[in-house]
Visitor: 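What follows is a single structure, and I will ask about it in a moment.
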Amino acid sequence: KQEVTQIPAALSVPEGENLVLNCSFTDSAIYNLQWFRQDPGKGLTSLLLIQSSQREQTSGRLNASLDKSSGRSTLYIAASQPGDSATYLCAVFSGGYQKVTFGIGTKLQVIP
Amino acid sequence: DGGITQSPKYLFRKEGQNVTLSCEQNLNHDAMYWYRQDPGQGLRLIYYSQIVNDFQKGDIAEGYSVSREKKESFPLTVTSAQKNPTAFYLCASSTYFGGAYEQYFGPGTRLTVT
């Protein structure tokens with residue numbers, strides 16, 4: 001059974017700092033991994049999707065990497081801003097429409 | 001704009017009553033999902049549907065029911081059999097393209113049962 005762990009559970013940083021969020025998964029046989037952002041009381045917004053054959057994806061100040069063999073993905077946020085404050089979740093797609101496993105998330109606070 | 005709508009945003013019910021949460025998508029996606037989110041826990045899959053008139057139980061289907069009569073719609077009924085229905089419910093759809101699955105989420109419905 002796929003298990004997804006996100007570390008740290010919470011993170012507080014000053015504005016402007018670069019930071020890394022971690023996601024690890026136990027079964028390396030994945031189709032792809034997707035990073036989401038969730039604001040309080042809201043739905044999930046897709047940030048980046050990395051296919052199993054890819055090593056990284058970039059969108060603006062965000063960069064996500066994937067090391068399938070070691071079961072790890074990182075989300076790098078450059079020059080953090082208060083507007084980045086949210087919970088970040090990773091989701092691993094292991095095969096089939098039902099095989100999606102989510103981490104609990106990392107709650108990020110960027111202090112002005 | 002393409003997307004997923006869920007209504008209502010907040011829902012309050014008395015214990016023992018059934019309640020139906022709405023989910024509509026105009027993304028032309030075949031697959032749709034219902035998740036439940038509780039504090040300190042990851043999203044848990046309630047039901048999913050790959051095509052019209054077909055749906056499968058997820059990890060926590062007990063006390064819930066769904067229908068999929070139209071591609072665009074996937075309503076979730078929380079029945080009185082659900083022991084702890086107060087939670088945040090998220091509807092999602094997904095597409096499979098180029099060897100990857102990508103999920104899209106609605107804004108969620110917060111259900112409170114007293």
Visitor: For chain A, which residues from residues 80-92 of chain B have at least one heavy atom closer than 4.5 Å to it?
Guide: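 Checking residues 80-92 of chain B against chain A gives Phe88(B), Leu90(B).
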Visitor: What do you reckon, are the aromatic ring centroids of Phe105(B) and Phe36(A) less than 6.0 Å apart?
Guide: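 Yes, the ring of Phe105(B) comes within the 6.0 Å limit of the ring of Phe36(A), centre to centre.
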Visitor: Leu49(A) versus chain B, heavy atoms under 4.5 Å apart: side chain, backbone, both or neither?
Guide: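 For Leu49(A), side-chain heavy atoms alone lie under 4.5 Å from chain B.
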Visitor: Any side-chain donor-acceptor pair under 3.5 Å between Gln25(B) and Ser93(B)?
Guide: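 Side chains of Gln25(B) and Ser93(B): no pair found under 3.5 Å.
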Visitor: Which residues pass the side chain to side chain contact (heavy atoms under 4.5 Å, CB included) test with Val20(A), not counting sequence neighbours?
Guide: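 Val20(A) satisfies side chain to side chain contact (heavy atoms under 4.5 Å, CB included) with Asn22(A), Thr74(A), Tyr76(A) once adjacent residues are dropped.
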Visitor: Can you tell if the side chain of Thr5(A) reaches within under 4.5 Å of the side chain of Ser24(A), non-hydrogen atoms only?
Guide: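 Result yes, sub-4.5 Å side-chain heavy-atom pair found.
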Visitor: Just jot down the side chain to side chain contact (heavy atoms under 4.5 Å, CB included) partners of Asp54(B), sequence neighbours excluded, or say none.
Guide: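 With sequence neighbours excluded, Asp54(B) shows a side chain to side chain contact (heavy atoms under 4.5 Å, CB included) to Ile51(B), Gln56(B), given in chain and number order.
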Visitor: Using non-hydrogen atoms only, which part of Gln38(A) is less than 4.5 Å away from chain B: side chain, backbone, both, or neither?
Guide: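 Only the side chain of Gln38(A) comes within 4.5 Å of chain B.
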Visitor: May I have the list of side-chain donor-acceptor pairs in residues 106-114 of chain B shorter than 3.5 Å, sequence neighbours left out?
Guide:
{"residue": "Thr109(B)", "atom": "OG1", "partner": "Pro8(B)", "partner atom": "O", "Å": "2.6"}

Visitor: Answer with side chain, backbone, both or neither: which region of Gln37(B) has an atom nearer than 4.5 Å to a non-hydrogen atom of chain A?
Guide: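 When you check distances to chain A, only side chain atoms of Gln37(B) fall under 4.5 Å.
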Visitor: Can the ring centres of Tyr35(B) and Phe102(A) be said to be less than 6.0 Å apart?
Guide: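 Ring-ring flag for Tyr35(B)/Phe102(A): true, centres closer than 6.0 Å.
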Visitor: For the atom pair CD (Glu72(B)) and CG (Asn28(B)), what is the distance rounded to the nearest 0.5 Å?
Guide: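 Glu72(B) atom CD to Asn28(B) atom CG measures 8.0 Å (nearest 0.5 Å).
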Visitor: Is the closest basic N to carboxylate O distance between Arg61(A) and Asp84(A) below 4.0 Å?
Guide: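 The answer is yes: the pair qualifies as a salt bridge.
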Visitor: Below 4.5 Å from any heavy atom of chain B, which atoms of Leu89(A) appear? Answer side chain, backbone, both or neither.
Guide: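 Leu89(A) touches chain B through side-chain heavy atoms alone.
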Visitor: Using a 4.5 angstrom heavy-atom cutoff, name the option from Val4(A), Leu33(A), Leu44(A) with the most pairs to chain B.
Guide: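 Of the options given, most contacts go to Leu44(A).
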Visitor: Which atoms of Glu102(B) come close to chain A, meaning under 4.5 Å heavy atom to heavy atom: side chain ones, backbone ones, both, or neither?
Guide: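 Both parts, heavy atoms under 4.5 Å.
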